[in-house]
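Notes to accompany the following structure.
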Number of protein chains: 2
Amino acid sequence: MIIALEPSLVQRSPPVAACVDRAQSSDCSNCGARALSVCGTADISDLQRLGELAEVIKLKSGAVLIREGDPAPHVFNITAGSLRVYKLLPDGRRQITGFLFAGDFLGLAISEFYVFSAEAMEASTVCRFRKGPFSALVARSPPLEHMLLHRTSHELAAAQNQMLLLGRKTAIERMASFLLDLPGHDPTRPSAPGHVRLPMKRAEIADYLGLTIETVSRVLTRMKVKGLISTTSPHELIVERPERLRQHAAGEV
Amino acid sequence: MIIALEPSLVQRSPPVAACVDRAQSSDCSNCGARALSVCGTADISDLQRLGELAEVIKLKSGAVLIREGDPAPHVFNITAGSLRVYKLLPDGRRQITGFLFAGDFLGLAISEFYVFSAEAMEASTVCRFRKGPFSALVARSPPLEHMLLHRTSHELAAAQNQMLLLGRKTAIERMASFLLDLPGHDPTRPSAPGHVRLPMKRAEIADYLGLTIETVSRVLTRMKVKGLISTTSPHELIVERPERLRQHAAGEV
DNA sequence: TCGGCGCCTTGATCAAGATCAACGATTCAG
DNA sequence: CTGAATCGTTGATCTTGATCAAGGCGCCGA
């Protein structure tokens, strides 16, 4: 039941400040626009104000951006790279609650303290906002607030799916669901249907699916034996029987 | 792994319409005010408009309000009673993702189809809104939208806690967390500290915690033996060692 | 009052997945 | 290029919680 501690946790990786590379308020119309594009109503003046509030932070791979329990003065928006969000138990058991990518927001929950931790999975960039000014701006910009509500309710729906997975699915069903949720085909190789890249390690998959690394490995092997998938490397696989995989994910025997 | 089907599921309980008791648009400043009170900014004109949009629906205990997969034309607000929200797998395995009470909203996720089911746990009343007019009103009322975002992000935080519970906690830790999340003392008997009412049956606790009814029963017995709790009836218990229970819930050995 | 049905509890056994252990493969620093 | 560390796979065994089974209790209607 004990999960091996990640190096970043054991050696109390450097506090955020050490990873911060304070840049000038860069032009936020890129990331802001990407964020707002969801609902199609980008308001230029809002974006400029967002830009004025933003502080650009660059994170090395593995850097801890947020530590659960710390005071929570900031809200973040990812502009490049990817983060893992997780919660820990005192003995090191870890549950990864999600993977976030460019455009996603973090830390919206109105609480005085962060209720989860977040680390960069690769070299990443985030925009940091003080909560006060950020919420003031949001309060003045209905489209912004609308976009946040839209995104948050989608995240909630995803969380409910994950609860079903964690509470009621078998190991193979969990893995099948996970594989199908990953971006189906590599954007750099759009001509390779069924090719899936597994950018994360086994420990991360395990902690996301509520399993152990051994079970993750065994399930992948079982899937290969069954002909559901084939692998070219530990981090690259091909879905051979998408339909069968979908059935497993849905819990249909 | 197969969960016994609830009667309501087996006998395809009557569609919502059968349970609907269309009332006049009643005065919504009560429920509306309760909902908005969270952020303290109740706008009377918004509430009146809400009232004009609302359709009051009365549900008998066990009635199905929402069935996953059905077209989703409505948003709901609970005004009395309580609902369970859940997802099913084809073979009947059920994961209850939450219990909702007066003031809570349902069906906000912008999707053409409901992504979960919802049933009344007792005789309940909800206000029903067509999504179109409802979102139009919300778009015109920043405080309303703000309130929804606030609530939704809190629900998301709760969902992340539940993911930790389902993915990484032991049976006793799950039950301890659950007992501590319940309203600590009965409002009708405020003088009874540690008294907890368990309004739901074992099957619902089990499906909420990702366990079986037998395990729920055994864990409660173990807790009694350990002196953590004592029971007066299957649906009423007393927390005898809140501190020890809290340690279990937190996963501290 | 009796009988039946849900609901809860308890016991015996089983199995999925965890744990413990060993070893190859890959990566990366020097 | 080389060696250490990390990562992934596989095997043996164990444990937790699921499954199968039986019986008790309480509630409700006749």
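Every chain is numbered from 1 and lettered A, B, ... according to where its sequence line falls, protein lines coming before strand lines. Note that this is a predicted model, so its numbers are computed, not measured.
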Taking 4.0 angstrom as the limit, do Asp207(B) and Arg168(A) come out as a salt bridge?
->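 Salt bridge: yes.
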Residues Lys201(A), Glu204(A): salt bridge by 4.0 Å N-O rule =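 Looking at Glu204(A) together with Lys201(A), the answer is no, because their closest N to O distance does not fall below 4.0 Å.
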Which nucleotide in dG8(D), dA18(C), dC8(C) has an atom nearest any side-chain atom of His235(B) |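 Nearest to the side chain of His235(B) among the choices is dC8(C).
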Identify which nucleotide among dG17(C), dC8(C), dG17(D) has an atom closest to any side-chain atom of Ser217(B), counting heavy atoms from C-beta outward.
->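 From the listed options, dC8(C) comes nearest.
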Is there a donor and acceptor pair, one atom on the side chain of Arg218(A) and one on the base of dG11(D), closer than 3.5 Å?
->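 Yes, the side chain and the base share a sub-3.5 Å donor-acceptor pair.
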To the nearest Å, give me how far apart [atom1] ([X]) and [atom2] ([N]) are.
{"X": "Arg222(B)", "N": "dT10(C)", "atom1": "CZ", "atom2": "P", "value": "13 Å"}
{"X": "Leu165(B)", "N": "dG17(D)", "atom1": "CG", "atom2": "P", "value": "12 Å"}
{"X": "Glu236(A)", "N": "dG8(D)", "atom1": "CD", "atom2": "C1'", "value": "17 Å"}
{"X": "Leu220(A)", "N": "dG8(D)", "atom1": "CG", "atom2": "P", "value": "11 Å"}
{"X": "Lys201(B)", "N": "dC25(D)", "atom1": "NZ", "atom2": "C1'", "value": "16 Å"}
{"X": "Asp207(B)", "N": "dC8(C)", "atom1": "CG", "atom2": "P", "value": "12 Å"}
{"X": "Arg202(A)", "N": "dT27(C)", "atom1": "CZ", "atom2": "P", "value": "13 Å"}
{"X": "Asp91(A)", "N": "dA18(C)", "atom1": "CG", "atom2": "P", "value": "15 Å"}

Select from Ile172(A) and Glu214(A) the residue whose nearest nucleotide in DNA chain C is closer to the 5' end of that strand.
->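 The 5'-side residue here is Ile172(A).
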Under 4.0 Å from OP1 or OP2 of [N]: is there any side-chain N or O of [X] that close?
{"X": "Thr215(B)", "N": "dG17(D)", "answer": "no"}
{"X": "Thr221(A)", "N": "dT9(D)", "answer": "no"}
{"X": "Thr212(B)", "N": "dA18(D)", "answer": "yes"}

Tell me yes or no: between the side chains of Lys169(A) and Ser177(A), is some donor less than 3.5 Å from an acceptor?
->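 Yes - a donor-acceptor pair under 3.5 Å links their side chains.
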Do Glu236(B) and Ser233(B) have side-chain heavy atoms sitting under 4.5 Å apart?
->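 Glu236(B) reaches Ser233(B) side chain to side chain.
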Is the number of heavy atoms from other residues, nucleotides or ligands under 6.0 Å of Arg241(B) CZ greater than 12?
->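 12 or below, so no.
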